[in-house]
Every structure is written in structure tokens, then in C-alpha cells.
A.B. asks: 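My structure is below; once you've seen it, I'll send some questions.
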Amino acid sequence: MKRLLTILVTILVLLGLSFAFTYFTHIAFLDYSFMIGLIVTLIIWFFSSKGGVTSRNADGNIQGMTGFKLEQQKFTFTPNLAFFTALAYTIITFAVMAYQYRSYF
């Protein structure tokens, strides 16, 4: 049940953001849906990973202030269900967008 709720909330957030941008800018839904899916997927990836650039920067700042050398964290990414849902949304909207705008390619 928790998995279904996670998928549903992620899809509702993605669709809500897409419809909100569509409503306020008066531009077609497909024009924003792919970019919003991509941005949300990258945000989820950024906040689900450990030991990246942000962690190294914080470790460097702490080392500079205290003088103690901190152990470096190895970069790890553990994808979750929200990430996979946002990635599937992004892939599907890209395919629909490519089909819709196929005459431009």
C-alpha cells in the first residue's frame, strides 16, 4: 500500500506542476511536462545520493575550520520508488513529445 501511495503522490506532483506551468503560461502541456519530469528526477537523484560534491564541500569547510581531517564518503546512490516513477514519467513524456513534434526533426 505504501508503494502505491508513493507512486500516486509522485505522479500527482509531476502532473500538478505540469498543469500549473501550463495554466500560468498558457503554453501546451507537453512543452513543460518533459522538462518538469527531468528536473524532478534530477532533484530526487540529488537528494537521494550520498558523498557527492556537496558532501565534499561541507567536509572541506569543516576541515578548514577545525583542522581535523574527515573521512571521505564514497559516492552512493540508492534509487527509490519516487525516482523510478519520475524517471518513467520523464521517459514517457519524452516519447510522447518526440512523437508529437516528429515533423520538426
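Note that the structure is a prediction, hence the values are computed from the model and not measured.
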A.B. asks: Nearest 0.5 Å, what's the CE-CD1 distance between Met97 and Ile92?
C.D. replies: 13.5 Å

A.B. asks: Hydrophobic cluster membership, with links at side-chain heavy-atom distances under 4.5 Å among I/L/V/M/F/W/Y: are Leu38 and Val96 in one?
C.D. replies: no

A.B. asks: Identify the two heavy atoms, one from Thr41 and one from Thr90, that lie closest to each other, and give their separation to 0.1 Å.
C.D. replies: OG1-OG1, 3.2 Å

A.B. asks: Verify side-chain contact (heavy atoms from CB on, under 4.5 Å) between Ile44 and Asn80, making sure each step is shown before the conclusion.
C.D. replies: CA-CA 9 Å; Ile44 293 172; Asn80 52 19; 3.8 Å; yes

A.B. asks: Kindly work out whether a path of hydrophobic side-chain contacts (I/L/V/M/F/W/Y, heavy atoms less than 4.5 Å apart) joins Phe47 to Ile39.
C.D. replies: yes

A.B. asks: Ignoring hydrogens and angles, write down the donor-acceptor pairs under 3.5 Å from the side chains of residues 1-11, residues two or more places apart or on other chains.
C.D. replies:
from, atom 1, to, atom 2, distance (Å)
Thr6, OG1, Lys2, O, 2.9
Thr10, OG1, Thr6, O, 2.7

A.B. asks: Using the test side chain to side chain donor-acceptor pair (under 3.5 Å), find all partners of Thr93 that sit at least two apart in sequence or belong to another chain.
C.D. replies: none

A.B. asks: Could you tell me the separation between the CG atom of Leu42 and the CH2 atom of Trp45, rounded to the nearest 0.5 Å?
C.D. replies: 7.5 Å

A.B. asks: List, one per line, each side-chain donor-acceptor pair under 3.5 Å for residues 13-37, sequence neighbours excluded.
C.D. replies:
from, atom 1, to, atom 2, distance (Å)
Ser18, OG, Leu14, O, 2.9
Ser18, OG, Tyr89, OH, 3.1
Thr22, OG1, Ser18, O, 2.8
Thr25, OG1, Phe21, O, 2.4
Asp31, OD1, Tyr101, OH, 2.5
Ser33, OG, Phe29, O, 3.4

